[in-house]
Amino acid sequence: MDLCLAKARSCMKTQYERSRVSELAHEVLKQKQFYYAGKPQISDAKYDAMESELRKLSPSHPVLAYVGAAPSATSPRITHDVPMLSLNKTYKVDDLHSWVGEEPIVGTPKVDGNSLSLVYEDGLLKLAKTRGDGRVGEDVTDKVFWIADCVPKLSKKLSIEVRGEVYCSAHKFAQLVEEMLERKLERPTNPRNIVAGMLGRKNHIDLCRYFNFFAFEVIGVDGLKTEMDKFEFLDNLGFSVLPHKLLKKAAEVETYLEEIKQWMDDDEIGYDGAVFSYNSLSVQSRLGNTSHHPRFKMSFKWPGLTARSKIDKIEWFPSRLGIITPVAVIEPVALSGATITNVTLHNAEHVKAYNLKRGDLIEIIRSGEVIPKFLHVVTPVEGDFDWPVKCPSCKSKLEFDGVRLKCLNSDECPAQRSGFILNWMRAVEIEDISEKRLEQMLSMGLIEAVHELYTLSVKDFLKLPATKDKMAEKLYKNIQATKKVPLAKFLNGLGIEGAGLRTWEKIIEHFPGLEAIQRITAEELVEVEGFAEKSAEQIVSGLKDRKDAIKQLLKVGVTPSVQKAKFAPGEGPLAGKQFVITGALSMPRETIEKMIREAGGKAGSAVSKNTSVLVTNEGDSSSSKMKKAKELGIPIWTEEALLTILRGV
DNA sequence: AGCTATTCGACCATCTGCTC
DNA sequence: GAGCAGATGGTCGAATAGCT
């Protein structure tokens, strides 16, 4: 009886499993084909979940061993003597640890490209082949002669096989797009797919010169004992080899992953994880392969903090300098704790390079946990990108300034005008008035130019919507309070392109006073360290353009003042030191930075080798500033430590 | 000419505090 | 409760400066 029941149960389970297996297998195969065709339909994480479920139910299912689309019938097919397998992968550091065990391993970044195998005979490149399905690939020999890193002739007469990854860097991708468009070819959607596409092409194969090749494997060489030996060997032959590092203990894995992550942020080369191999080749051959991956290699990918959404529309906003910046409004999507609806597209050239338009499915990522960043197009819709012809604000014609679209109507463009006033208000710190209230003031005709702010009365503010006595008085007081303003802020408020607060402070050090600064010639400014012809001219001519604005501001009673520094230049307790702050401190960052400058130090915004100290209250922060500081061995102080020194002043 | 460092300008979501 | 403002957080792209 018991037995019967158990049997029945297992039978039911098997039946369920069987149908689930075939369902999964079908879906996995379908998605694999989409993926290899360069048109993935679901997220990597979803796909992986599906695949691992299938593996659990049917570990030896042939679909799992399927590692690529069958090579197209028209191209010459080449059998790999040694199969080109795909890699086992994990998303968990813990898995990685248990896999590593006690073995020394070699880590490399994982390049998001296409595998390629180069066959040499007597030192000459005879054949290049893609991975294909792992056993049979395609002959792409004619293409690789265009790829600089694929060495055509070795320095020694060796008969070997070299394997690696072909990829297209972000930088070269942009150039490739340009050239493909010139040739009236279809626009490539992203760097990884165009590599696969180009290797399969019959014409325009010279475009392969935009690709690079990283070698990481060599077959047919005697006397190599370790994975590190392989890299050295390949390096000596003249190949670009993947950056690689010997890790002696599993404990070193974490720090190595941190390192890779930093490279990924650069994203010039599309790294998408890390690959680890046992260093000893004898251990490797002892372990051997499963049907679809080597047991001595493991790849690691970070759980994807990306999301996909459709572009609803692209909006173009003119800035105070007339630069028109595109922003993609997307269908709201959740990503690491926030709902994302807007994504910057940087500039007009960017929109062109990726052919961005309404309906495109794009992938985004939150960099620095805050700002959503466009990654790439997943599925484009038909059609071409679109640029505004006229300024969205003043309707005047737009011109190109480098990679950006620009509205040149600086005097009359409403957006630039309000941007100018807004910049002034921010620079001199007029509180409680921002974009909305300024728009109201402008549209009601309360003001037209910056200096008119200072002639407004309490009565004027009462005319604004939702503004009663309390608010009106506050606004009036806030504006009047900025009549006395430090010279650097005054100058910063003039919105001269190329000069920010830091730049003005530096100028004031050499030319103390508004009159002196207005008299500066470009030749004189070039004498100051940090200024060359270009920026000197830009600043001098900017000052000239603002002559009237300055005059009127002075006339209504705005008085810029030069604060006497407590210390002479080069003195003070923090002299010669550059500080960078990360994370929140007890006071606004600007306040602390001001205190640092007053004590003779410098306040920087990014960590470099010139940074003396990183100040933070979050010792375990994983921000990029922190990582960089640790990497460079820069001392890390708490806020308290900094304040102790400042208080001693 | 190529590299590195620095600055400017711009970006977006969330939370908090204030006024109406 | 609605609406506005302000602070916060870190990164990116472009341009420039200055060094080698």
Side-chain angles (χ1 to χ4, degrees), chain A residues 170-171 174 265-268 317-330 332 334-347 349-350 364-374 401-404 419 423 425-426 429-440 464-475 478 492 495-506 526 528-539 578 580-585 587-591 602-611 616 618 621-628:
Chain A
H171 174 71
D265 292 341
D266 278 358
D267 83 20
E268 170 62 18
F317 296 106
S319 76
R320 73 184 161 90
L321 298 171
I323 299 162
I324 317 283
T325 306
V327 172
V329 180
I330 60 174
L335 178 56
S336 40
T339 308
I340 313 295
T341 53
N342 294 307
V343 183
T344 176
L345 302 177
H346 303 303
N347 56 50
E349 198 61 45
H350 202 87
I364 55 173
I365 188 166
R366 275 185 104 189
S367 51
E369 295 301 298
V370 181
I371 309 287
K373 189 190 152 203
F374 164 83
D401 176 36
V403 296
R404 296 181 280 226
N423 175 65
M425 296 196 301
R426 261 200 291 264
E429 294 167 49
I430 295 179
E431 294 185 346
D432 296 318
I433 308 182
S434 187
E435 221 174 319
K436 283 272 157 61
R437 285 195 181 118
L438 175 63
E439 289 309 327
Q440 291 164 0
L464 292 174
T467 307
K468 296 276 155 62
D469 290 2
K470 195 166 179 179
M471 184 56 96
E473 260 164 57
K474 197 170 165 184
L475 297 178
N478 287 346
N492 190 217
I496 292 169
E497 199 171 359
L501 197 57
R502 276 177 222 283
T503 309
W504 288 120
E505 278 168 351
K506 202 152 56 177
V526 167
V528 180
E529 197 198 329
F531 298 89
E533 231 172 276
K534 232 168 182 163
S535 47
E537 273 166 17
Q538 195 178 31
I539 290 167
Q578 197 220 50
V580 173
I581 300 170
T582 185
L585 303 184
M587 291 176 261
R589 192 171 284 194
E590 208 185 308
T591 311
K602 286 211 284 183
S605 57
V607 176
S608 74
K609 67 175 182 200
N610 295 332
T611 305
T616 182
E618 300 156 23
S621 159
S622 62
S623 74
S624 67
K625 288 182 193 171
M626 183 63 114
K627 275 186 261 175
K628 188 113 186 230

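Proteins get letters first, then strands, A, B, ... in listed order; numbering begins at 1 in each.
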Would you please confirm or rule out a distance under 4.0 Å between OP1 or OP2 of [N] and any side-chain N or O of [X]?
| X | N | value |
| --- | --- | --- |
| A:Thr503 | B:dT7 | no |
| A:Thr467 | B:dC20 | no |
| A:Thr325 | B:dC11 | yes |
| A:Arg404 | C:dA14 | no |

Which nucleotide, [options], lies nearest any side-chain atom of [X]?
| X | options | result |
| --- | --- | --- |
| A:Lys436 | B:dC20, C:dA5, B:dC8 | C:dA5 |
| A:Ile340 | C:dA17, B:dC11, B:dA13 | B:dA13 |
| A:Asn342 | B:dG9, C:dA5, B:dA13 | B:dA13 |
| A:Thr341 | C:dG18, B:dA10, B:dA13 | B:dA13 |
| A:Lys534 | C:dT16, B:dC12, B:dC20 | C:dT16 |
| A:Glu497 | B:dG9, C:dA14, C:dA5 | B:dG9 |
| A:Ile323 | C:dA17, B:dA10, B:dT19 | B:dA10 |
| A:Glu431 | B:dA10, C:dG6, B:dC11 | C:dG6 |
| A:Ser535 | C:dT16, C:dA5, B:dT7 | C:dT16 |
| A:Lys470 | B:dC8, B:dT19, C:dC12 | B:dT19 |

Quiz item: So how far is it from A:Asn478 CG to A:Met425 CE, rounded to the nearest 0.5 Å?
Solution: 11.0 Å
Practice problem: Starting at CD1 of A:Ile330, measure out to CD1 of A:Ile364 and round the result to the nearest 0.5 Å. | Solution: 4.0 Å
Provide, to the nearest angstrom, the distance between the [atom1] atom belonging to [X] and the [atom2] atom belonging to [N].
| X | N | atom1 | atom2 | result |
| --- | --- | --- | --- | --- |
| A:His350 | B:dG9 | NE2 | C1' | 17 Å |
| A:Leu464 | B:dT19 | CG | P | 16 Å |
| A:Leu345 | C:dT11 | CG | P | 20 Å |
| A:Met425 | C:dA5 | CE | P | 9 Å |
| A:Gln440 | B:dC20 | CD | C1' | 13 Å |
| A:Asn347 | B:dC8 | CG | P | 20 Å |
| A:Phe374 | B:dC12 | CZ | C1' | 17 Å |
| A:Arg426 | B:dC8 | CZ | P | 15 Å |

Quiz item: If you pin A:Gly322 and A:Lys474 to their nearest nucleotides in DNA chain B, which one's is more 5'?
Solution: A:Gly322
Practice problem: For A:Asp469 and for A:Ala499, locate the closest nucleotide of DNA chain B by heavy-atom distance; then report the residue assigned to the nucleotide nearer the 5' terminus. | Solution: A:Ala499
Exercise. With side-chain contact (heavy atoms from CB on, under 4.5 Å) as the test, would you mind laying out the steps for A:Phe374 and A:His346 before giving the verdict?
Key: CA-CA 9 Å; A:Phe374 164 83; A:His346 303 303; 5.9 Å; no
Quiz item: Is there a side-chain contact between A:Arg437 and A:Met471, using heavy atoms and a 4.5 Å cut-off?
Solution: yes
Practice problem: Would you classify A:Ile430 as touching base, sugar-phosphate or nothing, given that sugar-phosphate means primed atoms plus P, OP1 and OP2, and contacts are heavy atoms under 4.0 Å? | Solution: sugar-phosphate
Quiz prompt | A:Thr503 side-chain N/O to A:Leu501 backbone N/O, donor-acceptor pair under 3.5 Å | solution =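 No: the side chain of A:Thr503 does not pair with the backbone of A:Leu501.
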Self-check item: Whichever of A:Val528 and A:Glu435 has its nearest DNA chain C nucleotide further upstream toward 5'
Solution: A:Glu435
Practice problem: For A:Asp432 and for A:Val526, locate the closest nucleotide of DNA chain C by heavy-atom distance; then report the residue assigned to the nucleotide nearer the 5' terminus. | Solution: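 Nearer the 5' end of the strand: A:Asp432.
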Quiz item: Looking at A:Val343, A:Asn342, A:Thr341, which hits side chain to side chain contact (heavy atoms under 4.5 Å, CB included) with A:Val327?
Solution: A:Asn342
Quiz item: Is the number of heavy atoms from other residues, nucleotides or ligands within 6.0 Å of CD (A:Glu439) greater than 12?
Solution: yes
